[in-house]
Amino acid sequence: MKVGYARVSTDGQTHDAQINALKAAGCDKIFVETASGAKKDRPVLAEVLEYLRPSADDKLVVYKLDRVARSLPHLIEIMERLNTNGIEFQSLTEAIDTKTPGGRLLFHVMGAISAFERDLVIERTQAGLKAARAKGRVGGRPRRMTEDKVNAVRELLSSGTPVKDAAAAVGVSVPTLYRWLPGASRMSVE
């Protein structure tokens with residue numbers, strides 16, 4: 001069964017041209033959504049993707065690629081989901097149909113581009129982290145406990161201050177104090 005998906009960005013726009021094209025393409029059911037393409041949360045699109053069934057030889061049909069995906073990685077994600085579930089895809093305007101050899105080729109080329117893009121992001125991130133480390137910067141959140149605080153806590157505990165009060169005095173939680181001084185409970189009673 002051919003399942004159509006039509007989307008416009010604002011209430012001032014109309015779905016009519018998309019719906020007419022989807023009907024002309026033989027769609028038995030058409031889902032309609034009004035939502036910005038930049039929005040990650042599109043409930044009707046999610047509903048369409050859940051509705052499609054491989055056992056029924058379903059095919060998702062859209063008027064244009066930009067109606068279904070907000071970016072190339074998002075399109076690849078949707079296409080991979082459809083492919084994994086054995087569901088075909090067709091875009092009317094771009095004449096893409098994963099049932100044809102050319103459509104499958106385009107799908108694989110887009111997948112390769114997406115993988116290349118992911119690899120570039122990873123490579124740039126690793127290079128940036130390496131450069132930061134070379135400058136003496138370490139990523140992550142600053143540590144709450146410092147060597148000065150550890151020494152202060154040791155003095156407080158050795159003078160009989162309860163663990164809870166010692167932790168509050170240096171501005172850390174009791175579990176943090178125990179992580180840095182595993183024997184802290186014995187120190188306060190000794």
Side-chain angles (χ1 to χ4, degrees), residues 1-133 137-142 175:
M1 171 164 65
K2 288 187 175 183
V3 177
Y5 173 73
R7 181 189 62 79
V8 293
S9 299
T10 65
D11 289 325
Q13 297 172 321
T14 177
H15 299 92
D16 296 344
Q18 291 179 58
I19 292 171
N20 291 338
L22 293 171
K23 284 181 181 176
C27 290
D28 303 306
K29 183 165 180 68
I30 298 173
F31 289 80
V32 178
E33 184 163 40
T34 301
S36 169
K39 285 179 69 177
K40 187 171 183 140
D41 180 38
R42 288 193 271 157
V44 177
L45 178 60
E47 183 183 344
V48 171
L49 295 174
E50 287 300 317
Y51 178 83
L52 295 164
R53 302 167 316 268
S55 59
D57 292 328
D58 284 351
K59 177 188 274 191
L60 176 60
V61 182
V62 296
Y63 180 68
K64 278 181 83 172
L65 289 176
D66 67 354
R67 300 295 87 199
V68 71
R70 64 184 186 279
S71 63
L72 179 60
H74 186 230
L75 178 62
I76 296 297
E77 177 185 321
I78 290 170
M79 298 286 280
E80 285 175 353
R81 179 176 176 177
L82 294 174
N83 190 43
T84 300
N85 293 327
I87 297 165
E88 296 176 359
F89 176 80
Q90 181 178 5
S91 174
L92 302 175
T93 305
E94 291 87 4
I96 297 170
D97 189 342
T98 58
K99 191 172 189 169
T100 66
R104 285 191 298 275
L105 172 66
L106 182 60
F107 169 75
H108 289 296
V109 168
M110 289 170 51
I113 291 170
S114 179
F116 177 69
E117 183 181 0
R118 279 192 300 267
D119 290 345
L120 285 177
V121 168
I122 290 168
E123 190 177 292
R124 285 192 299 262
T125 301
Q126 289 174 344
L129 290 171
K130 185 177 178 182
R133 279 193 292 277
R137 292 189 226 147
V138 180
R141 193 170 71 173

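This structure is a prediction, so every number in the text was calculated from the model and none was measured.
Counting heavy atoms from C-beta outward, Leu49 and Arg81 have side chains that approach closer than 4.5 Å. Here the side chains of Val8 and Thr14 are not in contact, with every heavy-atom distance at 4.5 Å or above. Annotation: side chain of Lys59 is in contact with side chain of Asp97 (closest heavy-atom distance under 4.5 Å). With a 4.5 Å cut-off on side-chain heavy atoms, Leu52 and Asn85 do not count as touching. Taking the side chain as every heavy atom from C-beta outward, Leu45 and Ile78 approach each other to under 4.5 Å.
A donor-acceptor pair under 3.5 Å is formed between the side chain of Arg7 and the backbone N or O of Arg67. Put simply, the side chain of Asp58 gets close to the backbone of Arg53: a donor and an acceptor are under 3.5 Å apart. Side-chain N or O atoms of Thr93 include one that pairs as donor or acceptor with a backbone N or O of Tyr63 at under 3.5 Å. Here the side chain of Glu33 pairs a donor or acceptor atom with the backbone of Val44 at under 3.5 angstrom. Using a distance-only test at 3.5 Å, with no hydrogens or angles considered, a donor-acceptor pair links the side chain of Gln13 to the main chain of Thr10. Checked by atom type and distance alone, the side chain of Thr98 never pairs as donor or acceptor with a backbone atom of Glu88 at under 3.5 Å. Distance alone, capped at 3.5 Å, places no donor-acceptor pair between the Lys2 side chain and the Val61 backbone.
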Determine, step by step, whether Leu22 and Tyr5 satisfy the side chain to side chain contact (heavy atoms under 4.5 Å, CB included) criterion, reporting the C-alpha distance in whole Å, the side-chain angles of both residues, the deciding distance to 0.1 Å, and the verdict. CA-CA 8 Å; Leu22 293 171; Tyr5 173 73; 5.9 Å; no
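Contacts of Ile122 classified as side-chain contact (heavy atoms from CB on, under 4.5 Å), with partners at least two apart in sequence or in another chain: Gln126.
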